[in-house]
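Below is one structure, written out as structure tokens, with a few remarks after it.
Chain A is the first sequence line, chain B the second, and so forth, proteins listed ahead of strands; every chain is numbered from 1.
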Amino acid sequence: MNLLKFYITTPIYYVNSEPHIGSAYTTIIADIIARYKRLMGYEVFFLTGTDEHGQKVYQAAQQAGKEPKEFCDELAEKFKSLWKELEITNDHFVRTTDDYHVRTVQIFVEKMIENGDVYKGVYKGWYCIPCETYWNEDEVIRDGSSVLCPECKRPVKWLEEENYFFRLSKYRDALLKHYEEHPDFVEPDFRKNEMLKILEGGLKDLSITRTTFKWGVPLPRDPSHVIYVWVDALINYVSAIGYGWDEETFKKWWPANVHLIGKEINRFHSIVWPAMLMSVGLPLPEKVFAHGWLTVNGQKISKSLGNAIDPRYFVNKYGNDVVRYYLVREISFGKDGDFSEEKLVGRLNSDLANDYGNLLHRATAMVQKYFNGSLPRPSEGEGIDNWLKERYFQTKDEYLKLMDSYKLTEALEKLWLFIADVNKYFNDTQPWVLAKENKMDRLGTVLYNTLETILKVAIMTSPVMPDTSEKVFGRLSFDAKPSLEHLEEWGVLKPGSAVKHGEPLFQKVEVQNLKKVVETVIVEENTITIDEFSKVDLRVAKVVEAERIPNSRKLIRLVVDLGSEKRQIVAGIAEHYTPEELVGKNIIVVANLKPAKLMGYESRGMLLAAKHGETLRLLTVDGDIAPGAKIS
RNA sequence: GGCGGCGUAGCUCAGAGGCCAGAGCGGGUGAUUCAUAAUCACCGUGUCGUGGGUUCGAGUCCCACCGCCGCCA
């Protein structure tokens, strides 16, 4: 195994919705770790991608009126382009619909079967037909004698389906042993403890195929079965690096050094995936790191809200580096945290603009003024210079140690304590007084030392703020590829090289100007956006036929003209309107409502009516307009 | 319901039996003027969630309770 290789992964993101700040967070953190390892001299493979199979994706595609593959192509593109905008340096982007992945999944699962870890059994559980979702006994809602779907609240059906099962239970002891021998296998430790509890409680075998839908990887020996999305998805970590199709590359990178994940998928990564690897005889990843969740301005990221908060909003406004710095610095890595624009601006103003940016600014200004923009040569140092150097080497050691153990927040904290010390050094040596007294030699030494420390800071922060570090390197005419060696030695900057004084690195933002913005970002839970509203396709429809549905007290079957087509709609208005009254009326219907069956009649749409007590009146338009006219 | 975690300064959090309980941010005062009104120094008695208990001594250990959260069922 090449000791200097580093393989890091993010989860592959499920494409039933667009990327939000949560997926961006995971990916940015992974990018920071990847960049850090490259800086340390590792050869890095950084993998991310999309998870595209499964019934939910299929449904989402249907709702969007698209073929699943076409739908996935579009969403995968959205993820790719967001990562590009965020300057994510992933080495590959895996999609579970990629051919090599599909083949690898089949090879992997076949191997599990060959090794005797899969058997045919009967899956028993509740199934919600409209939602196409399976629910466990503990998930369904019991309302008297009826059993309801927790999502749509409609009755669920008891289902017994023949499936293939993975003998997960068989690996309990081996997993426990692995946890014991590798105490850092799962981090943070409280997440590990949760996993240990599950293991100690015993494992149930896992159903790994489905027969109720087709959008997935078929099981080669029994193609009526499609492989369960989670099994399919987890295999991306080996398919992307060649398992089953490029053994050499695969051997180079596997096992992964870290799977970076969100806490909600810990069980799959820390129990199911390791067991699958054991089953096919592969070594386990070195570490699974489960980070926490973000709230945004104190609110949970729900699907609707999450989409409202596009990470691009903040990046466009403040720049990548500021957002990245904020995420690492403010949200203690591993725990839950809140993404608040106000706090981001606080960090930008105080840490970045005042402490860091201004330090560079004041130092380069003096080199410009007193040394004509040419870096002075330092001479023999004094006590305070040695103190500065000592503080630097101490900080560097702490920083490396913390970064190596994924304590990103603390690493930055230490770095900023050091920046405060550099400011103190600058203050205490009073270079402006030295200039007045014409002590140019001493002045040169102070400025050199200050800029040398800024270079170190720029190198150490380059994984987090790559663009800013590039700017600093430019100002200091440092054109080497930054590396660990540049951190280990003092005196990297070459006297005589050009020092450029320019615009401040970071522009401060007034907090007063922020209020409005924060308000626009917060979406009240009981309000909807214009986008959400526009999803509802409201149309004017002319009723062309109407009749009562036999044996129903309330229902009337209508045929309405929508301009481009005629449709059947079933409505519960028989107690308020007679069929004769209805024919010829221009009514308002929801044209893109999911079709439903009422008393055996399909209804493709819903008409709108106002109801008050016992009175019900249909909505109609003021005056005449063509059937099918869109309402907005 | 079971197991676990958390509750400490206005905010974010650190501290895990023992001198006056800490840091950063915000706020205040002073110094300074090279710099983006920036930097540096100084300034915090806060029921350490509540009530009991153990101990010479408890944010720090034990028990109960309240509130929030996580995992599992």
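Counting any heavy atom pair closer than 4.0 Å across all strands shown, A/Ala363 reaches no nucleic acid atom. Residue A/Pro431 is out of contact with every strand shown, counting any heavy-atom pair closer than 4.0 Å. A/Lys424 comes within 4.0 angstrom of the backbone, heavy atoms only, and of no base.
Separation of the P atoms belonging to B/C6 and B/G46 is 26 Å when rounded to the nearest angstrom. Here the separation of B/G24 from B/C20, taken at their P atoms, is 22 Å to the nearest Å. Distance noted for atom C1' between B/A16 and B/C11: 24 Å (whole Å). To the nearest whole angstrom, the two C1' atoms, one in B/C42 and one in B/G5, are 39 Å apart. Separation of the C1' atoms belonging to B/G28 and B/G10 is 14 Å when rounded to the nearest angstrom. With P as the reference atom, B/C69 and B/C48 are 24 Å apart, rounded to whole Å. The same atom, C1', is picked in B/C63 and in B/U54; the two are 10 Å apart, to the nearest Å. Nucleotides B/C68 and B/G30 have their P atoms positioned 46 Å apart, rounded to a whole Å.
Partners of A/Asn236 by side chain to side chain donor-acceptor pair (under 3.5 Å), not counting sequence neighbours: none found. The side chain to side chain donor-acceptor pair (under 3.5 Å) test applied to A/Lys170 returns A/Asp117, not counting sequence neighbours. For A/Ser497, the side chain to side chain contact (heavy atoms under 4.5 Å, CB included) test picks out A/Leu375, A/Ser477, A/Lys494, with sequence neighbours left out. When the side chain to side chain donor-acceptor pair (under 3.5 Å) test is applied to A/Glu437, the partners found at least two apart in sequence or on another chain are A/Lys439.
Residues from residues 165-199 of chain A with heavy atoms under 4.0 angstrom of RNA chain B, sorted by number: A/Arg191, A/Glu194, A/Lys197, A/Ile198.
None of A/Tyr318, A/Trp416, A/Tyr356 except one satisfies the ring pair (Phe, Tyr, Trp, His ring centres under 6.0 Å) rule with A/Tyr325; the exception is A/Trp416.
Electrostatic pairing of A/Asp31 and A/Arg35 counts as a salt bridge here, judged by a charged N lying under 4.0 Å from a carboxylate O. Using a 4.0 Å cut-off between charged side-chain N and carboxylate O, A/Arg191 and A/Glu187 make no salt bridge.
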Report, one pair per line, the protein and nucleotides 9-16 of chain B atoms (nitrogen or oxygen only) whose separation is under 3.5 Å.
from	atom 1	to	atom 2	distance (Å)
B/A14	OP1	A/Lys335	NZ	2.8

Between the protein and nucleotides 22-33 of chain B, which nitrogen or oxygen pairs come in under 3.5 angstrom?
none

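Here B/C34 presents its C1' atom at 16 Å from CG of A/Asn449, a figure rounded to the nearest Å. The CD1 atom of A/Ile454 sits 14 Å away from the P atom of B/U39 (whole-angstrom rounding). If you measure from atom CG of A/Leu352 to atom P of B/U39, you get 12 Å, rounded to the nearest angstrom. A/Arg362 places its CZ atom 11 Å from the P atom of B/C34, with the value rounded to the nearest Å. In this structure, A/Lys369 places its NZ atom 6 Å from P of B/C34, rounding to the nearest Å.
Annotation: A/Phe185 is in aromatic contact with A/His178 [ring centroid separation under 6.0 Å].
By the neighbour-count criterion of 12 heavy atoms within 6.0 Å, atom NZ of A/Lys396 is densely surrounded, having more than that number from other residues, nucleotides or ligands.
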inquiry  = Counting Watson-Crick and G-U wobble pairs with both distances under 3.5 Å, what is the dot-bracket string for RNA chain B, 5' to 3', using [ ] for crossing pairs and | for pairs to another strand?
reply    = ((((((((.[[[[.)..(...]]]].(((((.......))))).....[[[[[..)....]]]]]))))))).
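Within 90° of 0 lies the glycosidic angle of B/G59, which makes this nucleotide syn.
Among residue pairs with one or both ends in residues 417-427 of chain A, those qualifying as salt bridge (Lys or Arg N to Asp or Glu O under 4.0 Å) are A/Arg391-A/Asp421, A/Lys424-A/Asp428; sequence neighbours excluded. Residue pairs meeting the salt bridge (Lys or Arg N to Asp or Glu O under 4.0 Å) criterion with at least one member in residues 465-479 of chain A, sequence neighbours excluded, do not occur. Listed by first and then second residue, the salt bridge (Lys or Arg N to Asp or Glu O under 4.0 Å) pairs involving residues 441-459 of chain A are A/Glu382-A/Arg442, A/Asp385-A/Arg442, A/Glu452-A/Lys456 (not counting sequence neighbours). Sorted by first and then second residue, the pairs that involve residues 258-273 of chain A and meet salt bridge (Lys or Arg N to Asp or Glu O under 4.0 Å), not counting sequence neighbours, are A/Lys263-A/Asp336.
Side chain to side chain, A/Ser379 and A/Thr445 meet the donor-acceptor criterion of an N or O pair below 3.5 Å.
Looking at which nucleotide of RNA chain B each of A/Arg267 and A/Asp428 is closest to, the 5′-most match is held by A/Asp428. Projected onto RNA chain B by closest heavy-atom contact, A/Pro504 and A/Lys204 fall at different nucleotides, the more 5' of which corresponds to A/Pro504.
Under the 30°/60° scheme for interplanar angles, the aromatic rings of A/Trp230 and A/Phe268 are found to lie parallel.
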